[in-house]
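Right, one structure below, let's go through it.
In what follows, chains are A, B, ... by sequence order, proteins preceding strands, each numbered from 1. Computed from a prediction, not measured in an experiment: that's the story for all the values here.
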Amino acid sequence: MLAPRIRITQPCPIEGGYRTGMSVTDSTDRTESDLVAARRAKLARWRDELGIDPWGSRVDDLLALAAARALFDEAAADAMDAETPPETDPRPRAVVAGRVVQHRAMGKLCFMVLRDESGDLQISCSKAELETASFKLASKVDYGDIIVAEGPVGRTKRGEVCIWADRFEVHCKSLAPPPEKYHGLTDAEQRYRRRYVDMYANPETMQTFHRRSEIVSAIRRFMEDHGFLEVETPMMQAVAGGAAAKPFTTHHNALGLDLFLRIAPELYLKRLLVGGMRKVFEINRNFRNEGIDRSHNPEFTMMEAYQAFGDCESVLELTESLLRSLAGGVVSFGDLEIDYDPPFDRIAYGELFERTHGCSIFDEQAIHALAKKKGMTLDPNANHWLLVEGMFDEAEDAIDPSRPTFVTDFPAPLSPLSRPHADNPDLAWRAELFIAGMELGNFYTELNDPDIQRARFTEQLNGITDEDAAFRTLDEDFLEALLVGMPPAGGFGIGIDRIVMLLTGQTSIRDVVLFPLLRPAGGEEDS
RNA sequence: GAUCGCGUAGCUCAGUCGGUAGAGCAACCGCCUUUUAAGCGGUAGGUCCUGGGUUCGAGCCCCAGCGCGAUCACCA
């Protein structure tokens with residue numbers, strides 16, 4: 001809605017008014033309105049004086065700008081530059097569309113650069129080659145307008161490949177003031193809040209998200225090529241299982257039912273193994289009500305996959321092969337040069353721990369003493385394994401960030417969903433993959449003994465806080481499924497966003513998530 | 001949640017010792033047929049994040065808040 005103080009210098013033919021995607025404070029609206037008003041005025045003039053519909057229409061046979069550029073034919077361009085150019089123009093023709101990102105008008109000639117997903121291309125407009133109205137449009141378009149041009153693909157005297165337009169149309173008037181044409185939009189907050197501007201103003205952004213789509217697509221292909229079936233399991237769950245994170249809550253009115261957004265799909269995917277699917281995977285969102293930082297967004301994309309008659313080892317190898325195929329070798333990430341050639345490094349959890357802390361994960365007295373010394377807050381009957389877990393973060397830092405590394409043989413008490421070693425029930429067939437200091441994924445030989453599974457769940461529920469108890473309950477139906485019988489299996493989950501970060505060199509998850517979660521703009525308190 | 005940093009024109013940024021607001025781009029008017037962040041001349045554009053305080057005087061100093069970022073904590 002328009003703030004009452006907005007000044008409009010020309011009658012505004014558009015009803016409804018203009019709303020920025022930004023702050024709605026009066027000051028912003030008012031100062032912005034001068035620039036918006038100028039564009040509205042121009043739009044009205046085009047309508048009234050040139051009879052133009054500034055909102056465009058269908059255009060067939062459009063070429064991407066990169067494709068149009070690729071049509072450039074040097075011989076044809078040379079021929080046109082010759083003393084006596086051929087009677088019929090030998091240059092290939094193209095119809096293109098894009099957003100105006102540069103514009104240089106000089107009297108009877110004007111140049112502009114269009115941008116689309118594929119890249120940039122200059123459009124050159126000569127007054128001699130265009131209808132009067134079209135040339136007037138071309139010399140007056142604003143940064144941000146979306147235009148369609150058609151003509152021969154040639155070059156300028158300076159050798160710039162361009163389209164010499166003999167058709168020029170505006171297909172969408174941009175009313176919002178654009179960011180600075182050279183620096184683009186650099187303010188991180190504005191880039192996330194107005195991603196649609198970031199995407200066109202900063203080509204790297206567009207490139208990153210194209211790459212993300214290609215990566216996800218390649219992962220799908222890889223999994224399908226290995227015989228995995230893609231499935232979709234509930235995002236809304238009555239019991240938020242499969243991980244130990246805090247869930248978001250929601251409510252179904254008709255059923256009068258409180259539900260959780262899933263923190264993991266694991267318990268449902270395993271049910272599919274019980275049902276008889278042999279290899280399944282799911283790429284979808286998980287939701288965890290935890291902190292936000294460079295590697296955590298509350299909603300994030302995971303791939304989980306389960307392979308009946310596989311084990312932890314088989315899914316480790318599958319993942320090595322997957323990452324190798326995605327990365328293709330060495331990929332730099334920040335200061336790191338990460339080599340994805342398998343086999344990845346491996347180190348046992350206990351060994352890594354001992355290397356860092358100098359004591360065995362099994363030495364309860366030493367661990368307790370160490371925890372005390374580190375001033376870890378602990379109640380007197382603190383569980384030994386929770387202490388170990390608390391100290392493990394430090395050990396993670398000992399992993400070479402430039403080497404993809406599997407940490408294997410996690411403590412079974414910290415791995416309630418994985419199968420314990422036969423010769424040491426304190427260790428589980430579970431590994432985690434670390435790259436660049438980030439946890440990339442989890443790998444298991446799945447626990448399919450319903451009695452042990454019930455015992456693990458029950459242990460885990462003992463001694464949890466009241467807060468946690470509110471959403472951690474026993475998934476009886478899952479245990480029922482295990483009674484029906486799940487084949488032995490390997491399973492894993494990997495963070496897709498983090499893989500995209502690694503492969504695109506983005507060190508913040510917000511730069512690989514199109515719309516990362518931010519506090520709503522405007523500062524309106526809602527409590 | 002803690003600590004630190006940042007918040008000035010639509011955008012990108014200056015702003016000295018506390019002395020009353022600056023540039024470039026964008027916009028508007030004019031000139032220009034080979035520009036490449038085009039150029040030249042002119043005009044206009046500000047709740048200096050918000051609210052308090054100190055001061056004769058605050059963009060600048062102090063307090064509180066809001067937003068963003070970084071680090072840490074949390075996240076099997």
Side-chain angles (χ1 to χ4, degrees), chain A residues 5 7 9 20 22-23 25-39 41-42 101-113 120 122-129 135 139-140 142-144 154-160 162 164 175-194 197 201 242-246 263-264 288-298 300 349 377 385-386 388-390 392-393 410-418 428 430 432 439 442 444 456 460 472 507-508 510 516 518-525:
Chain A
R5 271 184 285 170
R7 295 176 309 231
T9 55
T20 71
M22 306 172 46
S23 153
T25 61
D26 287 347
S27 64
T28 305
D29 267 5
R30 188 173 53 189
T31 53
E32 195 176 48
S33 73
D34 288 342
L35 295 173
V36 174
R39 286 171 175 244
K42 186 177 285 186
V101 294
Q102 289 181 45
H103 186 248
R104 298 178 280 274
M106 43 194 59
K108 300 188 180 64
L109 189 65
C110 91
F111 303 99
M112 71 190 73
V113 176
D120 292 358
Q122 177 168 303
I123 307 299
S124 305
C125 302
S126 162
K127 192 173 185 186
E129 297 295 326
F135 184 74
S139 47
K140 292 291 182 189
D142 287 319
Y143 290 92
R155 70 179 170 216
T156 65
K157 283 179 183 165
R158 297 289 180 89
E160 179 79 27
C162 67
W164 283 100
L175 293 176
E180 216 258 0
K181 65 185 172 189
Y182 183 62
H183 297 94
L185 197 63
T186 62
D187 179 71
E189 181 177 356
Q190 292 304 317
R191 291 209 304 114
Y192 302 142
R193 289 197 193 280
R194 311 185 72 206
V197 175
K246 289 189 185 69
I263 54 176
R288 296 187 183 177
N289 207 338
E290 315 275 1
I292 297 177
D293 63 30
R294 280 155 57 108
S295 58
H296 294 84
N297 195 56
F300 62 100
Y349 187 102
T377 51
W385 291 107
L386 291 179
V388 169
E389 185 184 23
F392 189 72
D393 281 356
F410 267 59
L414 302 177
S415 313
L417 295 161
S418 37
R430 172 187 169 198
E432 280 195 359
E439 183 192 327
N442 254 298
Y444 309 101
R456 294 280 192 224
Q460 222 194 5
R472 270 180 214 167
T507 53
S508 170
R510 293 186 191 88
L518 298 176
R519 284 197 169 84
E524 243 63 46
E525 74 283 0

Rounded to whole Å, CZ of A:Arg194 lies from P of B:U12 at a distance of 10 Å

Please state the C1' separation for the pair B:G15 and B:G51 - nearest whole angstrom.
24 Å

Applying a 3.5 Å limit to both distances, which nucleotide forms a Watson-Crick or G-U wobble pair with B:A64?
B:U50

Are OP1 or OP2 of B:G67 and a side-chain N or O of A:Arg193 less than 4.0 angstrom apart?
no

Using purine N1 to pyrimidine N3 plus N6-O4 or O6-N4 for Watson-Crick, or N1-O2 and O6-N3 for G-U wobble, each under 3.5 Å, what pairs with B:C28?
B:G42

Would you compute the distance between atom CE of A:Met112 and atom CD1 of A:Ile123 and round it to the nearest 0.5 angstrom?
7.5 Å

Rounded to the nearest angstrom, tell me the gap between atom NZ in A:Lys140 and atom C1' in B:A26.
15 Å

Closest-nucleotide mapping onto RNA chain B: is A:Asp187 or A:Ala128 further toward the 5' terminus? I mean the 5' end.
A:Asp187

In whole angstrom, give me the gap between the P atoms of B:G1 and B:A38.
45 Å

Is any side-chain heavy atom of A:Asp142 closer than 4.5 Å to one of A:Arg39?
yes

Taking CD from A:Gln190 and C1' from B:G7, how many angstroms apart are they, rounded to a whole number?
11 Å

Could you work out the separation of B:C63 and B:A26 based on their P atoms and round it to a whole Å?
41 Å

Euclidean distance for P, B:G46 against B:G65 (whole angstrom)
31 Å

Check the distance between B:U34's C1' and A:Lys127's NZ and give it to me in whole angstrom.
17 Å

Is any side-chain heavy atom of A:Phe111 closer than 4.5 Å to a side-chain heavy atom of A:Thr156?
yes

Atom-pair distance (CZ on A:Arg39; P on B:C28), nearest Å
8 Å

In this structure, OG of A:Ser124 is separated from CD of A:Glu129 (nearest 0.5 Å) by 11.0 Å

N/O-N/O pairs, protein side and nucleotides 36-38 of chain B side, under 3.5 Å:
| residue | atom | partner | partner atom | Å |
| --- | --- | --- | --- | --- |
| B:U36 | O4' | A:Arg104 | NE | 3.4 |
| B:U36 | O2 | A:Glu160 | OE1 | 3.4 |
| B:U36 | N3 | A:Glu160 | OE1 | 3.3 |
| B:U36 | O4 | A:Thr156 | OG1 | 3.3 |
| B:A38 | OP1 | A:Lys181 | NZ | 2.3 |
| B:A38 | OP2 | A:Gln102 | OE1 | 2.7 |
| B:A38 | OP2 | A:Arg104 | NH1 | 2.4 |

Would you check if the side chain of A:Trp385 reaches a backbone N or O of A:Ala412 as a donor-acceptor pair within less than 3.5 Å?
no

Rounded to whole angstrom, note down the P distance from B:C13 over to B:G69.
16 Å

I'd like to check A:His103 versus A:Cys110 (side-chain heavy atoms, cut-off strictly below 4.5 Å). Are they in contact?
yes

Integer-rounded Å distance: B:U33 P and A:Met112 CE:
16 Å

From CH2 of A:Trp164 over to P of B:U33, roughly how many Å is that when rounded to an integer?
13 Å

Expressed in whole Å, how much space separates the P atoms belonging to B:C29 and B:C62?
46 Å

d(A:Asn442 CG, A:Glu432 CD) to nearest 0.5 Å is 4.0 Å

Partner nucleotide, any strand, of B:U36 [Watson-Crick/G-U, under 3.5 Å]
none

Between B:C61 and B:G19 - C1' atom distance, rounded Å:
15 Å

Once you apply the 3.5 Å cut-off to both distances, tell me the Watson-Crick or G-U wobble partner of B:G69, or none.
B:C4

Which parts of nucleotides 69-76 of chain B does protein reach within less than 4.0 Å, heavy atoms only, written one letter per nucleotide 5' to 3' as B for base, S for sugar-phosphate only and - for none?
SSS--BBB

Just N and O in the side chain of A:Lys108: are any of them under 4.0 Å from OP1 or OP2 of B:U34?
no

Rounded to the nearest 0.5 angstrom, the CG-CG distance for A:Leu518 and A:Asn297 is 8.5 Å

Re B:G57: Watson-Crick or G-U wobble partner, both distances kept under 3.5 Å, found to be none

Taking atom P in both B:G57 and B:G52, compute the distance separating them and give it to the nearest angstrom.
16 Å

Does A:Lys42 reach the main-chain N or O of A:Lys140 with its side chain, forming a donor-acceptor pair under 3.5 Å?
yes

Just N and O in the side chain of A:Thr186: are any of them under 4.0 Å from OP1 or OP2 of B:U12?
yes

Which residues share a side chain to side chain donor-acceptor pair (under 3.5 Å) with A:Glu290, sequence neighbours left out:
none

Watson-Crick/G-U partner (both atom distances under 3.5 Å) of B:U16
none

A:Arg430 NZ/CZ over A:Tyr444 ring centroid, <6.0 Å and within 45° of normal
no

